[in-house]
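A short write-up of the structure that comes next.
Numbered from 1 within each chain, the chains take letters A, B, ... in sequence-line order. Keep in mind that the numbers below use all heavy atoms, side chains included, and drop hydrogens, waters and symmetry copies. It should be emphasised that the depicted structure is a prediction, and the values quoted were computed from it without experimental measurement.
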Amino acid sequence: EKDPIKVGVLHSLSGTMAISETTLKDTMLMLIEEQNEQGGLLGRKLKPVVVDPASDWPLFAEKARELLAKKKVDVIFGSWTSVSRKSVLPVVEELNGLMFYPVQYEGEESSENIFYTGAAPNQQSVPAVDYLMNEVGVERWVLEGTDYVFPRTTNKILKQYLVDHGVAEADIRINYTPFGHSDWQSEVSRIKEFGSQGKKTAVVSTINGDANVPFYKELANQDVSAEDIPVIAMSVGEQELSGIDTEPLVGHMAAWNYFMSVPTKRNIQFIRQWHDHIGDKGRVTNDPMEAHYLGFNMWVKAVQQAGTTDVDAVKDAIIGVSVPNLTGGIATMMPNHHITKPVLIGEIQPDGQFSVVWETPGTVAGDAWSDYLPGSKDLIADWRNPLSCGNYNVETGECSGQNVE
Amino acid sequence: MLEVSGINQFYGESHTLWDLAMEAPQGACTCLMGRNGVGKTTLLKAVMGLLPVRSGSIRVNGADLAGKPAEARARAGVGYVPQGREIFPQLTVEENLRVPLGVRRGTTIPDLVFDLFPVLKEMRRRRGGDLSGGQQQQLAIGRALVLEPELLLLDEPTEGIQPNVVREIGEVIRYLNAEMGLTVLVVEQKLHFARQVGDRFCIMDRGRVVTDGPMDRLDQELVQSYLTV
Amino acid sequence: MSLLETAKAFSERDRVFDAVLPKADFHGDLDTRHGPVLYVEDVTVSFDGFRALDALNLYIDDGELRCIIGPNGAGKTTMMDVVTGKTRPDTGSVYFGSRIDLLKRSETEIAQGGVGRKFQKPTVFPRHTTEENLQLARAGDKGVWASLFHRPEEAERARVADVLTLTGLAGEAGRPAGALSHGQKQWLEIGMLLMQNPRLLLLDEPVAGMTGQEMERTAELFQSLEGSHAVVVVEHDMEFVRSIAREVTVLHQGSVLAEGDMATVQNDPKVVEVYLGE
Amino acid sequence: MSKEIPITSPHGRRAGAESLAGLLILLLGLLLAPPAHAAPFSDQVQALHTSSSADKAAAVKALGATGHPRAQKVLQAMLDGRLFHQVDGGTVVFAEKGGDGYQYRLTDAATGSDLGTAERWGVRRVKINNRLRSEVRQTLAALRLQNPEPEARLTAAEDLIGELDPDNTALVERRLTEESDPAVRAALEAAVGLARLDREDPQARAGAIALLDGSLYAPVRSRLETLAEEDPAPEVRKEAAAMLDGIHTRLAFFDGAETLFFGLSLGSVLMLAAMGLAITFGVMGVINMAHGELIMIGAYTTYVVQQLMPGHIGWSLAVAIPAAFLVSGAFGVAMERSVIRFLYGRPLETLLATFGISLILQQLVRSVFTALNRPVETPAWMSGSLQINPAFSLTFNRLYILIFALAVFFALLLVLKRTSLGLKIRAVTQNRQMARALGVRSNWVDALTFGLGSGIAGVAGVALSQLTNVGPNLGQAYIVDSFLVVVLGGVGNLWGTLVGGLSLGVINKLLEPMAGAVLAKVLLLGLIILFIQRRPRGLFPQRGRAAEG
Amino acid sequence: MANGSLTTTAPTVLPLGPLSRFLAGDTGGTILLAVLAVAGVLVPILNLAVPEGSALHISTYTVTLLGKYLTYALLALSVDLIWGFCGILSLGHGAFFALGGYAMGMYLMRQIGTRGEYGHPVLPDFMVFLDWERLPWFWYGFDQFWFAALMVVAVPGTLAFVFGWLAFRSRVTGVYFSIMTQALTYALMLAFFRNEMGLGGNNGLTDFKDLLGFPLQADGTRIGLFLASVLAVGLGYLVCRFIVTSRLGRVVTAIRDAEARVRFTGYRVEHYKVWLFAVSAMLAGIAGALYVPQVGIINPSELSPVKSIEAVVWVALGGRGTLFGAVGGAVLVSYAKTLFTGWAPDIWPFFLGGLFVVVTLFLPAGIVGLLNRFKKEPQS
Ligand SMILES: Nc1ncnc2c1ncn2[C@@H]1O[C@H](COP(=O)(O)OP(=O)(O)OP(=O)(O)O)[C@@H](O)[C@H]1O
Ligand SMILES: Nc1ncnc2c1ncn2[C@@H]1O[C@H](COP(=O)(O)OP(=O)(O)OP(=O)(O)O)[C@@H](O)[C@H]1O
Ligand SMILES: [Mg+2]
Ligand SMILES: [Mg+2]
């Protein structure tokens, strides 16, 4: 018997993030199990190593170190929040590990050791705004977010984007609320007010986690329907909806790269597999699960290509690797460690699913450094030789940041 | 009425009551005396069940109460007026008096209490904790009487009370004792008061009862050897 | 309580901060040239409309031993609360010597300035040993830094030993004070006062719970303090009062009912009626 | 203003409308039917199966015009997302989920005949986007104007404000002459007035403005604003500006009322969450870190109750309240008997133990219910809002919760102040030993008191399940605030919890518009810290000699 | 680790004269210092000198972990100092810890220089990203280590002083004080979450490169930080011990037991409390400053009330009012957490929660109480 290949799973199973991350742990276990049933990888079995960083950011770093240095895992799938990724980043760079990060995020990062399988802003929010502007005819915008980095960045990018497209500053309202904000009465009332000025108004929501449920409940109670003021959310997926009575939310939207309702063969198979694995037909699938699915398959392919799990070899091999998306099309790992994704806009249905109302014609490649931010518009990332740099400034021709000594 | 025998009590490691035996006969008023720190309060608390004893028996009306919790003893008819009064500070005077209602027979505060301590009637609506020391003492005695006990334990009941009320308390004890057949065990330091109310005396020294007898046998010699330093 | 009252109470602030007080001359020149060391003038205190002190006037001479008696609830303890800064009167003035206004001082300053107090319910530091209780009470620099670097000297140890013997607690020196009996705590608190060595001692029922002979010892102790210290004793034990009293004040319903030597007071019919009984 | 207050809720509206479908269809035919429509009804239904949204919109209009008895049903189904078309053949059908979740039961949309079942992937939903949705709604709105229920008419009229085209303006004007209900009148006036503002004649426009007097509808206001600035006729501009002034004054008043309501309702939530703690911590002195989890258990109980009585969501809360009280109460009693009773007299150690218990309880629900949020449904009677006027409405769930919080408060007050149990509770917590010496069974009293506090926490959980997530972290979100409310009010004083909770809510809502939600909260905490300097023992301190110590 | 060896006999006489006199009778403290000394010598040797394959080798992972535990231990000491001895239960000590951490974090950020993602010479990445033009005023000076080191104690100390002065002079006591400290840390957390604060918002400060010129990821630096933590805990213990055994310590315990009596005895209670509170906050600040370079990130979640409660839990579990118990409690609980989260990731809160309950029920005086019981048994 050869030693198994160890796959680290670094997702919070307790604390505030458990609500989102537990599912991803189960997804990873499912994928690993399936791979083992197909005979493992390179003739070796895969062995999951699960730890609980307990929604505690420094603990993420500690656990990452434990996985890499003590448990000697070959790859890590993990993290949800940006801050947990930021906390882990120095550790994986120091110990030269591999990590796949499955959640849509604010961009502005490209690490040699991290692969970003969720959406960058240009793969989610920008197309969403395009849709609203062109197809729905929205003229007034509320950018509603939780006060942290992802909404801040997204809103900055969107604001720049909207202004570039001729929207007046007065027609943009940006508001931030704290984490876990649960009293939305005044804010919803103000959104109502803002939206009652005669121009078609929409809310682009980057509200995070637990704050969404009370937000939607308040919308419903104050009779704000999707026809009046549609809300398009960047962080609300099937899983979040499964905790809400969706009846009153019908017609509000979300922008993702995956929806459970997309009826491709591959997706249905995936859903069935998930239901079997978890033993509950009521459970939903969501976008970050697909991201792990893609990340895992890419890694498997890269390992097969490289013929080893050696980090440097896999890192080189994985660029350019393509695997099929669950919703059709192909995802390819780009040199900037982001992947290509289709962008889908879905409207919430009474059964808690999304019905796709629009999608990009093809896939969109993730952009690590946004073109709409002054600080990063000149930066690109390319981890292939000879550039091999996460933040190369095309203006100055320098690779700034961590690689300069 | 009350028979205590072979009691050993410890505060942590320190042995406070040593094989103590004493009794308070039915219908009589027994005065428990002794220097500071010999264990009088400790004994009363042990009888009341507020302190655990390591060994010995405590019988009231022939029933062994050792090992029973304090509330059971109260229900069996033991009333207690503690040293330091232990008023419920945030309850009004009236509420303080109502606490023991429903425990035994009574469902209303007996008039006797207000007759004995008119000041309590006056202060009925004020917080117990606000009363002056002496008023609290009266309240504590009144509260024990609401329970309509058969055996009343009083720990230095006259401490901090004005002279004319002290005298009255003495009379009350005599009255309860004589007219209502209540058995009384009172800890008292003041000789003349003890002589006024007590039928019997009982002297403790270093955790033991050293002598007892009818009050008229309490002579200067005993006082000299056990009650002075 | 009505909201209005809450609002009112919120807007007023009846405590004076130590920081805004002028740094006054507490130490050194206590002015007793006019005789009294303590002036209590026209002091009224009421609680929720109930008058505990009613225009009380009281003067204590320097070095005097004064007994205060009076029915339960007459306001004796409240009077001490006012003098020591625990309770702020509604009206009236309290002076220590003829110049120091006690109403403008915090409890701490009053205590440091030379007013010591024994409470009706004995209060000691329950988890310190008897000996430590006495050490803590000792007069001296009580600032933070001084305490941090304080090391007990010989004189202090000797004094503690003396007081331990004097209060009959020598055998209890190493025991935690919380484990003392009621009477022993009384003694300890008196001992702490002795260590504090204040100019004016306020003693609230010091002999409650003591045996006859202990009372005699206490009486002797107090009498020995007379002259160098002003001592105010509140007691209900007439025997004890008789044994020490020269001048006696009788309080009733918050003001002075009678004043004079023991014999006069004892025979005052009003005093007999409200206090002594036939 | 003396308008009647119509009570509306989206669900109510929909249900009412559906029951009257037959009548409406008839009227629809009378009002809107163009002279000749030859195509059979089933073809018109079939026309909905098209990928172009423009065609679909036309089909909707046409369908509305048929006056066919099933037209309304079809449109409604489309609105609700129940309208599908078969992948093979493209027949437009109603589909209901059935069987194992992959099976659909089909009915022909045009005829109502049963078409058997299909695989999940055998049908596709007739896509409807928001634009179409409002098209459908408007088609239906004109019909509903004839509804005998004023409520339904009001909704219909409101749907038409700012949406009238010359065709149906006349119709609405006619309707206006017949309308007697003042609220519906106001809405119709607003609709008509707005439509007339488009007229060429300045005189007519000025007249239309008069029709809008005091109207609080938002489109009216925004229209007047443009008018006041841009209208070519100066007299119209003046008229519009004057009218706007009046509207703004009224709006400001209702804004204030709204802020107050928001504040009180936020406060009632805080107070409700804190009330149980006011017992376990305030009265008993247990630093109960597991309080939040007891709330959480109450919320999960609501979920379980709803699962157990699926058909009766309306009644579920009535069952959930006593159930949550009992379940959380039982957890409380168990906690008290097994752990806390050994800690009386060591209050600070209760912190350690209850912190441990809170970890265990959180993990317990995570293990039993998974870490995911559980959906708790809002009964119809609790959703929607009480519409006072177009600018001011009270959401029902908040309103009920406010009333509920007050009811719980007074019930609790009664128990503590007026019953013998209350007296014993207070006696035991003030001096346990002495209470026992007076014959009070302190064991019982302790267990009951803790159970009571925990039960109240559970009841709070029922209320919170209507506002926020039901998940393992529910309790954590409220624990800090709960302690703050109890302490601000004054430990041991129930009134303090009431006043503390409500005033925190109101102040928070006053600050929020000025500072934003994040900073408002920070400022509020700062204010509390400063406030405590002035009242070191809270709003309603325990008073008297003993408390001053 | 400190616990494991508590039962072994400690060297009774240390070679250091005054120190051994100072520690006479303080068995727990002696053992603690001995363990620290041994760890301070052995750990670096076993990490650096012993080759990786050897059974005796201590991995850098372990060293960092131990270093982190030690900073927690110092935080626990600071909590015990005021809670155990003065009865002031602070539910906001995490705030002082975090402020110390932020001060250190700001220094480390400034050390990044042009090595940030955007390569800006002065501004940290998150400021470039938020389009800030200039460094906010409160970031000045943090490029100097001495200044940052000063701020590590000055900022928490000042906050504690002001907060304490306000609270103690108004006689805010007991639970009122506790809950206000909780409100304080909660308010700070919300404030620090805001990106406008200029301290990195939710993500906080991270991506540090080096400290005093030593690269943070080098083993040597990690050992250095570990040794600094050992030293800090040792000195912290001695300072606390000096305080509590002095007369000031007695006054403070008297305040805990009978505050009014202390006042009537002539001590300015509020001065004592403020002083002790500020000292304790500074210790917590130092702990935070040592924590940050070892874990590599500081962000507002350190300010969340739960973190402060955890610190109190360490103390309660170890044994309140004993100092070395607090150290033991912190290390034990942290170790348990590390162990459980790796060993039973799905259900570990049952174990940790259970541990807390069991300790309160069966060991009223904490772990130290248990050891004392063992020690007494043979004598009686
Ligand atoms: N809680 C306690 N812990 C330890 N020892 C105690 C405790 N309470 C009392 N003692 C000790 O037990 C002995 C008896 O105390 P007790 O209070 O019974 O005396 P007493 O006879 O009532 O004295 P007094 O007349 O002063 O009230 C004393 O030596 C006292 O120090
Ligand atoms: N904080 C307070 N709140 C309300 N009433 C108070 C307060 N303090 C004192 N009183 C009332 O003031 C009156 C005087 O009380 P005080 O304690 O001064 O009497 P006293 O003369 O010391 O009596 P005793 O001899 O019984 O100790 C009492 O009736 C008491 O109820
Ligand atoms: Mg006694
Ligand atoms: Mg008195």
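Here the CZ atom belonging to B/R35 is positioned 12.5 Å from the OG atom belonging to C/S181, to the nearest 0.5 angstrom. Once rounded to the nearest 0.5 Å, the distance linking CG of C/D237 with CD1 of B/I161 reads 12.5 Å.
Residue C/Q223 qualifies as enclosed at atom CD: its count of foreign heavy atoms under 6.0 Å is above 12. With a 6.0 Å radius and a threshold of 12 heavy atoms from other residues, nucleotides or ligands, B/K40 has its NZ atom above the threshold. The neighbour count for B/Y11 OH, taken as heavy atoms of other residues, nucleotides or ligands under 6.0 Å away, is above 12. The 12-atom threshold is exceeded at CZ of C/R66, counting heavy atoms of other residues, nucleotides or ligands nearer than 6.0 Å.
Both the backbone and the side chain of B/Q135 come within less than 4.5 Å of a heavy atom in chain C. At a 4.5 Å heavy-atom cutoff, the contact between C/V274 and chain B is made by backbone atoms alone. With a threshold of 4.5 angstrom between heavy atoms, C/D48 approaches chain B through side-chain atoms but not through N, CA, C or O. Neither the backbone nor the side chain of B/M33 has a heavy atom closer than 4.5 Å to any heavy atom of chain C. Looking at C/E239, only its side chain comes within 4.5 Å of chain B, counting heavy atoms on both sides.
Minimum heavy-atom separation, B/S132 to C/G73: OG-N, 3.0 Å. Considering every non-hydrogen atom in both B/N36 and C/E214, the closest pair reads OD1-OE1, 2.7 Å.
Taking non-hydrogen atoms and a 4.5 Å limit, the residue list of residues 183-210 of chain B in contact with chain C, ordered by number, reads B/Q189, B/K190, B/H192.
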**OP:** Decide side chain to side chain contact (heavy atoms under 4.5 Å, CB included) for C/F47 and B/R127; before the verdict, give the C-alpha distance in whole Å, the side-chain angles of both, and the deciding distance to 0.1 Å.
**Re:** CA-CA 11 Å; C/F47 300 103; B/R127 265 183 296 266; over 6 Å; no
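Side chains of C/H182 and B/E159: a donor-acceptor N/O pair is present below 3.5 angstrom, by distance only.
When the options B/Q162, B/Q137, B/Q136 are evaluated for a side-chain contact (heavy atoms from CB on, under 4.5 Å) with C/N72, the one that passes is B/Q162.
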